[in-house]
Amino acid sequence: GIYFGLAGLAVMLSALSAVSLRDAAYALYGLSVALMGVTQASMTGIAGLHLWPGRPAWNDISPLMLSVLTMASLLWFGTAVLSLPERSRGLTRLSIGLAVLGVAICFALVAVDRAHRFQLMAGYIVLSLLAGVLVTLWAWRRGDRYGMWLLAGTAPVMLGSAFPLARIAGLIPVSFWTLHGMQIGIALELPVLLVLLMLRSQQRREHNRRIQGLDALDPATGLINAPVFAERLMRMIARSQRLK
């Protein structure tokens, strides 16, 4: 209950911030959190009991498909947070392409044999995680101040996801960590990424304010530039002469 309440709060704050700040990163974050919540409801059996109790076939495959969609949304979210379109068109195409591939993987999960579904899902998640980490490190090495924050926020989810994946693969038995390890990881991730988005929005507003004042202010110091200073000085001299 605490987890789903926290996830619902994060989705609501993201939706309001996306509308008020006109920032697509908040919308993508809210989408990924919502998909994480539905995925956890599916993995723990809550969704099968309350959301789709009469659909056993979908209940069987939903943990795999929703996990893939969640990973695809996280790739898209990382593209927006790291400002990849402004940094590298090639890496932007790679990230968006992997996100679109996730949608194709969902259709493939329905078509392939049950014995190969987990391998297909796990392969996509591992590939996407590796690509996401490498792209984030690339952006951080090139001056992105939020790259390491993004890695720190998603690290608990990466660690927590290992337990349910190992359970699905039959490597470990069902336990508290296989059922709730990823929930704990996401609960640690949500506030970190929300703080990251707020700091990013504050920085963007500051940049926009400085851009709008480039004709009058020096961007490095925030003081008026030389032409504006000279104009104001001449007005003050003229006023002082006029008033003697």
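Only a predicted model underlies this, so the values are computations on that prediction, with no experimental measurement involved.
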>> Evaluate Val195 against Leu199 for side-chain contact (heavy atoms from CB on, under 4.5 Å), listing each step before the verdict.
In response: CA-CA 6 Å; Val195 171; Leu199 293 175; 4.1 Å; yes

Could you work out, with side chain to side chain contact (heavy atoms under 4.5 Å, CB included) as the rule, every residue matching [X], not counting sequence neighbours?
| X | answer |
| --- | --- |
| Ala187 | Leu6 |
| Arg205 | Leu21, Ser201, Gln202 |
| Ser32 | Tyr29, Ser73, Leu74 |
| Ala47 | Ala41, Ser42, Leu51, Trp52 |

> If you measure from OG1 on Thr154 to CG on Leu129, what distance do you get to the nearest 0.5 Å?
Replying inline: 8.5 Å

Spell out, yes or no, whether [X] and [Y] are grouped together once hydrophobic residues are joined by side-chain heavy atoms under 4.5 Å, including indirect joins.
| X | Y | answer |
| --- | --- | --- |
| Leu159 | Val192 | no |
| Val126 | Met121 | no |
| Val81 | Leu134 | no |
| Val19 | Met198 | no |
| Val135 | Leu127 | yes |

So do [Y] and [X] actually touch side chain to side chain, heavy atoms under 4.5 Å?
| X | Y | result |
| --- | --- | --- |
| Leu82 | Thr136 | yes |
| Phe4 | Ile46 | yes |
| Gln40 | Leu66 | no |
| Leu137 | Leu151 | yes |
| Leu190 | Ile186 | yes |
| Leu217 | Asn225 | no |
| Trp140 | Arg145 | no |
| Glu189 | Met36 | yes |

> How is the hydrophobic cluster of Leu49 composed, in terms of its other members, when Ile, Leu, Val, Met, Phe, Trp and Tyr link through side-chain heavy atoms under 4.5 Å apart, directly or indirectly?
Replying inline: none

> Residues sharing Ile2's hydrophobic cluster, by side-chain heavy-atom contacts under 4.5 Å among ILVMFWY, directly or via others?
Replying inline: none

Work out which heavy atom in [X] is nearest to a heavy atom in [Y]; give both atom names and the distance.
| X | Y | answer |
| --- | --- | --- |
| Gly48 | Asn59 | CA-OD1, 3.3 Å |
| Gly153 | Leu193 | CA-CD2, 4.3 Å |
| Leu120 | Leu109 | CD2-CD2, 3.9 Å |
| Gln183 | Tyr3 | O-CD1, 3.8 Å |
| Ala7 | Val33 | O-CG1, 3.6 Å |

>> Under a 3.5 Å threshold, yes or no: a donor from one side chain and an acceptor from the other, between Thr39 and Ser67?
In response: no

> salt bridge (charged side-chain N to carboxylate O under 4.0 Å, His left out): which pairs involve residues 51-76, sequence neighbours left out?
Replying inline: Asp60-Arg114, Asp60-Arg117

> Pairs in or reaching into residues 102-131: which pass ring-ring contact (aromatic ring centres under 6.0 Å, His included), with residues at least two apart or in two chains?
Replying inline: none

> Tell me the side chain to side chain donor-acceptor pair (under 3.5 Å) pairs involving residues 14-25, sequence neighbours left out?
Replying inline: Asp23-Arg200

> Does anything in residues 82-96 pair up under side chain to side chain donor-acceptor pair (under 3.5 Å), and if so which pairs, sequence neighbours excluded?
Replying inline: Arg87-Asp144

> Can any side-chain N or O of Ser128 pair as donor or acceptor with the backbone N or O of Ile125 at less than 3.5 Å?
Replying inline: no

> Quick one: ring-ring contact (aromatic ring centres under 6.0 Å, His included) partners of Trp138, sequence neighbours excluded?
Replying inline: none

Residues 228-240, side-chain donor-acceptor partners within the protein, below 3.5 Å, at least two apart:
unit_1: Glu231; atom_1: OE2; unit_2: Arg235; atom_2: NH1; d: 3.1
unit_1: Ser240; atom_1: OG; unit_2: Met236; atom_2: O; d: 3.2
unit_1: Ser240; atom_1: OG; unit_2: Ile237; atom_2: O; d: 2.7

